[in-house]
Participant: 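Input: one structure, supplied below.
Whatever order the structure lists ligands and atoms in, that order sets their numbers, starting from 1.
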Amino acid sequence: MKRTSLAVLALVLMGCSLMSVSHAADPLEPGADRNVIPQGFNDRARIELPSETGTHDAAQVRGLLGGRELIAGTAWCANVCLTQLTREDWKPAITIDATQQGAPISPYIYGQFIEHLGRCIYGGIWAEMLEDRKFYYPITPAYAPYADADAAQQLPVVAASPWQIMGEPDSVTMVEEEPFVGTHSPRIDAGSGICQHDLALVQGQKYVGYVWTRAAGDDAGVVRVALTGADGVWSFPCAGGQYARQAFEFLARESTVHASLSITVEQHPCFVGTVSLMPSDNVEGMRADTMAVLRQLNSPVYRWPGGNFVSGYDWKDGIGDRDRRPPRKNPAWTGVEHNDFGLDEFMAFCRILDTEPYIALNSGLGDAISAVEEVQYATGSAGTPMGAWRARNGHADPYQVKWWSIGNEMYGSWQLGHMSLEDYTRKHNEFAAALRAENPSIQLVAVGDAGPWSEGMLQHCSDSMDLISEHFYCQERPGLTAHVAQIADAVRAKAEAHRGYRERLPMLQGKDIDIALDEWNYWYGPHVFGELGTRYFLQDALGIAGGLHEYTRQSDIMFMANYAQTVNVIGCVKTNKTHASMETTGLVLQLYRAHYGTIPLSAASQAPLDVAAALTADGRTLTVGVVNPTLQPLDLPLQLDGLTLEGTGRRWQIAGSDPLAYNEPGQTPAVTIQESAVEAPFDQLSVASCSVTLFALPVRTE
Ligand code: AHR
C-alpha cells in the first residue's frame, strides 16, 4: 500500500465479556495507534481500526481480555482482515455505452425457492401455531419445556412431543387401533388432558381453531378447550362412533409468547384426532404477516417443494383432507412433515402472490409413474384419473404449471436416491419421455452441476430438457470486497462453463439450453431461525446485488434464477412467531425486481465497484446499479454514450456504516431502502460507503 493510503483493519469478534483490541501499523513498533474496547456481546460484532498505513504493508493485532482488570469471559475472532479504504490516486468513474446492448433480461432471474425444511413452510409461511398437531410423536410423561423466552420465540424443531400430559402420567395413552391420522391417536382419561405451551399471542388478535374428538367407549364425554391469555373456555360433547370436528375461537387479552392451549376431558375418556390453532387473519391458512412481506418481495416464480426434500417426498401425502394427511418424518431434514402444505396449497400460495409455480419432481426415490401422475393431477383435465381427484378436492379447472424440474442435485452423495451419471441420464430420459407424453406443453428442467455432470447430462439428455439447473452457495470471506465479489464470480463461472459446452458439444449445435440457477445464495453462520436459519447482513446484500448484475450481464444464457431460500431457512425473509421482516438481501431482490431495466447495456467501472446498467423496456429510463463494497463514499463521474438524460430521476440506496448490520423480525429495521430525487445533468452519481444504489434516470426521447 502506498503512503497515501488509509486502511482499515477489521475484526469480527464474538462472545467476549470485556476486551481491548489495538493494533500497530508497524508490527515492529510496540506502540498501538488505535485502541477499542468492545464489551459484553454474544453476537458477531465488527471492530474497525482505521489508520494511515504510511509505508507499512503489515499490521499487528493485540487483544487483551479484561484490559487492566481481571475479567472472566471468552472471545472468538471470526476473521481479521486489512482492507484498503482510500487511495489518493483512486478516482473511479462509470462509463455506459447505450449502443452496446445485450439480450433482454429474463424476468425469471428474480425467482425464489421454498422448501419443506426447518421453519420455511411450517413456522414461516403456514399459519398453524401448534407444533405436531397430528401427534406424530407419542405423548409421553417425559416432557421438557423450553427453557427461556428466546427459545420460545424461535421454537426449535421438535424431536419429541411438544404436548404435555395434564394429570396422572398414565392418563394419556397412544392407541394404534383405528388412528384418526398417522399411526396412533391419544386417548385421554376423564379428569386428565394435554396442553401445549409457549404459544405467541398478540393482544386484540382473534385466534381460530378446531379439534377432532370421539368418545373412547359407549359413554359420551365432555372436551374442554382453553387458551391462557385469552378469553373463554369451550366445552363440547364428545360422543362415540365417528370423530366430530368442534370449532372454537379466542380473543387474546394480552401479548405473550407463553400462552398455553389445553384440551381436557371430563366424565368419560375421549380420543383426540387432531387439533389446529391459527390467527384469524390467516390467508387461506398462510400467515398474513409473512404473505405481506412476500408481496413486497414480488417474485415472478417460486420453486417448490425442494431441494433435498423432494427426493424423498410422496406428493400424494399432501393431497386431500388436510386433517387426514399423514404426518411423516421429513425424509431429508430434521423434524416432521405435517403434510398440511401440499400441491393445492402451493398453488393457492402462487395465486395469492400472483406468481408462477415451478414444481420439482421426485427423481430420487421417486419413479416416473408417480411424476406423471403429479403432472396429471396439476394440469390434466377433470376427465383424467388424477384430474378427477383434483376436481374432487375442489379444483375443477387444471392449474397452469409450465415449469417442472426432474429431480434435485442427483449428482450429490447426500441426495436420496443418488446414482451414477450413467444411470441417471437413463432415468432422466425415461422421466422426460413419460412427462412429455402426458403433457407436451410443459417445460422440463434437468439436474446440472457445471463440470462432468452437466456435460454428461447435455451429451445424453439434450433432447429431453428445456433448461438445465445449476446451484451454488458461497460462504463468508474475510474482507468486504472479497466477500461481496464471490457471488458475481460464481454466476459468471456457471455461465462460462455452459458457454464452453455450447462450443464443444455437437448435440448443442443449433440448440441452446439456457440455465436455471435455481438455488443461489450465501450460506454461513449460526442457525438463529431454526434449522439452517442463518442471518444475513448488509455485506450479503451487496453480494446479492452483484449477483443480479452478473445475471443481467449473462442475459443470453441465464434464463431463470431462484434465490435460495425465501422464509427463515437461508432465506431473505425471517420470522418469529408473530412478526415477519425483510432481510438485507430481500431488500435488494425487492428493489431490483421493482425498478431495474430489462435491456442490458455495456457498463464499466473500476474494481471493487460493480456497476451494471439497463434500459427499461419502453426505452424511457436508464437504470444504473452500483455496488460499493468500500468504506468510502464516492462521487462517480458518469460518461454516457448513445443516450441523453434529462429531468428528475430517482435514487434508491441500501447502505450503512456497519457491514454486519441486519434486520430482526419485530424490531425497527436497521437496514432499509432510502429513496430520494436526483436532478439532471447526472454527470456525477453519488453513492454512500458500503452500499447498493439503484438510479432511475429519465432518457430524452425526442
Ligand atoms: O437449500 C438448501 C439445500 O441446499 C437444498 O435442499 C439442496 O438442494 C441444496 O443442497
Participant: Taking only residues two or more places apart in sequence or in another chain, which ones pass salt bridge (charged side-chain N to carboxylate O under 4.0 Å, His left out) with Arg287?
Facilitator: Asp289
Participant: For ligand 1, indicate whether the residue Trp520 contacts it via side chain, backbone, both or neither (heavy-atom separation under 4.0 Å).
Facilitator: neither
Participant: Below 6.0 angstrom between ring centroids: does that apply to Tyr108 and Trp403?
Facilitator: yes
Participant: Run the ring-centre check on Phe431 versus His428 and record whether the distance is less than 6.0 Å.
Facilitator: no
Participant: Any idea which part of Asn408 is under 4.0 Å from ligand 1, heavy-atom wise: side chain, backbone, both or neither?
Facilitator: side chain
Participant: Heavy atoms only, cut-off 4.0 Å: how does Phe309 contact ligand 1, side chain, backbone, both, or neither?
Facilitator: neither
Participant: Would you mind checking which non-hydrogen protein atom is closest to atom 6 (O) of ligand 1, with the distance to 0.1 Å?
Facilitator: Glu115 OE1, 2.7 Å
Participant: Would you indicate whether Asp321, at its atom CG, is surrounded by more than 12 heavy atoms from other residues, nucleotides or ligands within a distance under 6.0 Å?
Facilitator: yes
Participant: At a 4.0 Å threshold, what atoms of ligand 1 neighbour a non-hydrogen atom of Ile570?
Facilitator: 1 (O)
Participant: Distance to 0.1 Å, residue and atom name: give those for the protein heavy atom nearest to atom 2 (C) of ligand 1.
Facilitator: Gln565 NE2, 3.4 Å
Participant: When Asp340 is tested against each of Arg322, Arg324, Arg133 for salt bridge (Lys or Arg N to Asp or Glu O under 4.0 Å), which residue passes?
Facilitator: Arg133
Participant: Could you list the atoms of ligand 1 found under 4.0 angstrom from a heavy atom of Asn308?
Facilitator: 5 (C), 6 (O), 7 (C), 8 (O), 10 (O)
Participant: Taking N or O atoms only and a 3.5 Å limit, does Glu519 qualify as a polar contact for ligand 1?
Facilitator: yes
Participant: Tell me which pairs pass salt bridge (Lys or Arg N to Asp or Glu O under 4.0 Å) where either residue lies in residues 309-320, with sequence neighbours left out.
Facilitator: Lys316-Glu373, Asp317-Arg328
Participant: Using a strict 4.0 Å cut-off to heavy atoms of Trp333, name the atoms of ligand 1 that fall inside it.
Facilitator: 3 (C), 6 (O)
Participant: Does Glu284 CD have over 12 foreign heavy atoms under 6.0 Å away?
Facilitator: yes
Participant: Nearest protein heavy-atom contact for atom 10 (O) of ligand 1: which residue, which atom, what distance?
Facilitator: Glu409 OE1, 2.7 Å
